[in-house]
2 protein chains.
Amino acid sequence: MSANSRLTIAAHALTWIGLYQRRGHEVATSEQIATSVNTNPVVIRRLLAKLSKAGLADSRRGAGAGWMLARDLEAITLLDVYQAIEPGPVFALHRATPNPECVVGHGIGPAMTAVYDDVEAALRRELAKTTLEDVLRDVLKAA
Amino acid sequence: MSANSRLTIAAHALTWIGLYQRRGHEVATSEQIATSVNTNPVVIRRLLAKLSKAGLADSRRGAGAGWMLARDLEAITLLDVYQAIEPGPVFALHRATPNPECVVGHGIGPAMTAVYDDVEAALRRELAKTTLEDVLRDVLKAA
DNA sequence: CTTGATGTAACAATTTTTGTTACATCTTTG
DNA sequence: CAAAGATGTAACAAAAATTGTTACATCAAG
């Protein structure tokens with residue numbers, strides 16, 4: 001289906017920073033994170049830029065620069081991360097506007113939108129149940 | 001985000017057939033449906049083929065051919081339709097496998113999968129609440 | 001046996017997502 | 001105050017997913 005990996009990558013990045021800081025480091029660079037995620041540093045910076053705007057991460061510039069958490073892992077839910085990356089809708093309506101002359105073509109958009117809104121609300125409620133601390137715990141348990 | 005429009009189109013098609021039949025017609029052609037949806041008939045046939053495999057619609061071939069519902073609108077939920085179109089995952093994991101040498105890179109996949117499974121379960125529960133009869137009622141109310 | 005539709009493969013076009021290059025900018029440190 | 005090492009971001013490239021189109025074999029009613 002649609003499905004992009006941004007929530008996964010964003011959660012990965014924040015969790016990585018959290019663990020790294022917990023091990024005594026001040027900041028993590030986008031390059032270090034990118035190595036763990038296995039992608040390009042710019043991809044990480046782009047995501048962290050959004051997380052920063054949302055108040056989940058902070059960056060320091062200049063020499064010895066890098067990223068740090070703005071809040072503890074425990075205080076960040078996956079819903080926070082989800083909202084931060086500005087997700088599009090889970091389900092799309094028609095690409096081309098359906099025939100407005102047809103009763104169904106005319107009314108189906110609003111009808112489905114109402115359902116999709118409820119679905120997304122449920123999705124958010126579910127994401128809100130898990131914090132990054134939970135994620136890290138799960139990660140460490142697997143090791 | 002990702003988001004494709006297949007669920008929307010499939011629901012549209014089935015609702016259209018349902019209303020058409022309710023108005024006294026035996027079958028609906030993919031061309032008629034495509035006109036309401038504003039797309040190519042083959043797109044409709046492809047989707048209806050899946051809905052047919054899932055036991056939601058039936059086709060008749062030969063002259064005077066077309067599509068009909070296999071069950072009443074009331075007996076088809078949006079979850080039925082969703083399952084029928086074989087949706088991919090809502091959230092994707094990493095495109096390239098993350099660094100397995102890294103604790104986070106190693107454990108994040110399973111950790112996120114667990115969350116995503118719960119999210120999809122919630123999504124399904126929500127879709128199950130609405131039948132195509134509900135959708136049609138909403139559509140007609142808007143007219 | 002003609003007609004009008006389905007069934008489906010194969011391909012084309014579009015859009016979305018991800019990756020890459022490049023470089024201006026900032027701040028610590030020597 | 002210059003050098004070093006990182007962020008911030010635009011612009012472009014590549015890859016993947018989605019949707020649209022063409023083509024044609026097949027089927028069944030009349």
Side-chain angles (χ1 to χ4, degrees), chain A residues 1-10 12-13 17 20 25-35 37-54 57-68 70 85-98, chain B residues 1-10 12-13 17 20 25-35 37-54 57-68 70 85-98:
Chain A
M1 208 180 200
S2 46
N4 61 52
S5 58
R6 286 195 276 268
L7 180 56
T8 302
I9 309 293
H12 185 155
I17 298 173
Y20 195 63
H25 302 87
E26 284 262 335
V27 297
T29 71
S30 62
E31 179 139 10
Q32 294 173 313
I33 302 169
T35 297
V37 171
N38 188 15
T39 184
N40 193 291
V42 175
V43 172
I44 301 299
R45 289 208 221 73
R46 267 198 300 235
L47 271 175
L48 285 176
K50 296 202 169 197
L51 299 175
S52 166
K53 273 185 196 161
D58 278 318
S59 69
R60 181 187 292 172
R61 304 192 58 167
W67 294 88
M68 56 186 62
I85 61 181
E86 301 168 12
V90 172
F91 296 108
L93 294 183
H94 310 68
R95 180 180 284 188
T97 347
Chain B
M1 209 178 200
S2 50
N4 63 50
S5 58
R6 285 195 276 270
L7 180 56
T8 302
I9 308 293
H12 185 154
I17 298 173
Y20 195 63
H25 301 87
E26 284 264 335
V27 297
T29 71
S30 62
E31 178 140 11
Q32 294 173 313
I33 302 169
T35 298
V37 172
N38 188 14
T39 184
N40 194 293
V42 174
V43 171
I44 300 298
R45 288 203 222 101
R46 265 198 301 235
L47 272 175
L48 285 176
K50 296 203 169 197
L51 299 175
S52 166
K53 273 184 197 161
D58 277 318
S59 69
R60 181 186 292 172
R61 304 192 59 167
W67 295 88
M68 57 186 64
I85 61 180
E86 300 167 13
V90 172
F91 296 108
L93 294 182
H94 311 67
R95 180 181 285 189
T97 343

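Chain naming here is simple, since letters A, B, ... match the order of the sequence lines and numbering starts at 1 in each.
Between A:S59 and the phosphate of D:dT7, there is no side-chain N or O to OP1/OP2 separation shorter than 4.0 Å. Contact annotation: A:R95 does not reach the phosphate of D:dG20 (side-chain N/O to OP1 or OP2, under 4.0 Å). Phosphate contact (OP1/OP2 of D:dT7, side-chain N/O of A:R46, threshold under 4.0 Å): absent. For D:dT19, one of the phosphate oxygens OP1 or OP2 lies less than 4.0 angstrom from a side-chain nitrogen or oxygen of B:S5.
Nearest nucleotide to the side chain of B:T29, out of D:dT7, D:dG20, C:dA5: C:dA5. Taking only side-chain atoms of A:V42, from C-beta outward, the nucleotide of C:dT17, C:dT21, D:dT19 with the closest atom is C:dT21. Considering only side-chain atoms of B:N40, the nucleotide from C:dG19, D:dT7, D:dT21 that sits closest is D:dT21. Comparing atom distances between the B:W67 side chain and each of C:dT18, C:dG7, C:dA5 picks out C:dG7 as nearest. When distances are taken from the side chain of B:N4 to each of D:dT22, D:dT18, C:dT21, the shortest belongs to D:dT18.
Between B:S30 and B:A96, the residue anchored nearer the 5' end of DNA chain C, judged by the nucleotide with its closest heavy atom, is B:S30.
Rounding to whole angstrom units, CG of residue A:D58 and P of C:dT27 are separated by 14 Å. One can place CZ of B:R60 at 13 Å from C1' of D:dC27, the figure rounded to the nearest angstrom. Regarding A:M68, its CE atom lies at a distance of 13 Å from the P atom of C:dT27, rounded to whole Å. Per the geometry, CD belonging to A:E86 stands 13 Å off P belonging to C:dT17, to the nearest Å. A straight line from NZ of A:K53 to C1' of D:dT7 spans 14 Å, rounded to a whole angstrom. The interatomic distance linking B:K50 (NZ) with C:dT8 (P) rounds to 12 Å, in whole Å. Between the C1' atom of C:dT6 and the CD1 atom of B:I33 lies a distance of 12 Å, rounded to the nearest Å. Between A:I85 atom CD1 and C:dT18 atom C1' there is a gap of 14 Å when expressed in whole angstrom units.
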Tabulate atom names and distances for all N/O pairs under 3.5 angstrom spanning the protein and nucleotides 23-26 of chain C.
| unit_1 | atom_1 | unit_2 | atom_2 | d |
| --- | --- | --- | --- | --- |
| C:dT25 | O2 | A:R61 | NH2 | 2.5 |
| C:dC26 | O2 | A:G62 | N | 3.2 |

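No donor-acceptor pair closer than 3.5 Å links the side chain of A:S5 to the backbone N or O of A:T8.
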Listed pairs under 3.5 Å, donor-acceptor, residues 37-49 of chain B side chains, sequence neighbours left out:
| unit_1 | atom_1 | unit_2 | atom_2 | d |
| --- | --- | --- | --- | --- |
| B:N38 | ND2 | A:T97 | O | 2.7 |
| B:N40 | OD1 | B:V42 | N | 3.0 |
| B:R45 | NE | B:S30 | OG | 3.3 |

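With values rounded to the nearest 0.5 angstrom, A:W67 atom CH2 is found 8.5 Å from A:D58 atom CG. Atom CG of A:L51 sits about 8.0 Å away from atom CD1 of A:I17, to the nearest 0.5 Å.
Of all non-hydrogen atoms in B:Y20 and B:Q32, the two that sit nearest each other are OH-NE2, 3.0 Å. Across all their heavy atoms, A:V27 and A:G64 have their closest contact at CG2-O, 3.9 Å.
Taking A:R60 as the reference, A:E26 meet the side chain to side chain donor-acceptor pair (under 3.5 Å) condition, with sequence neighbours excluded.
Between A:H94 and B:H12, the two ring planes are perpendicular [angle over 60°; tilted spans 30° to 60°].
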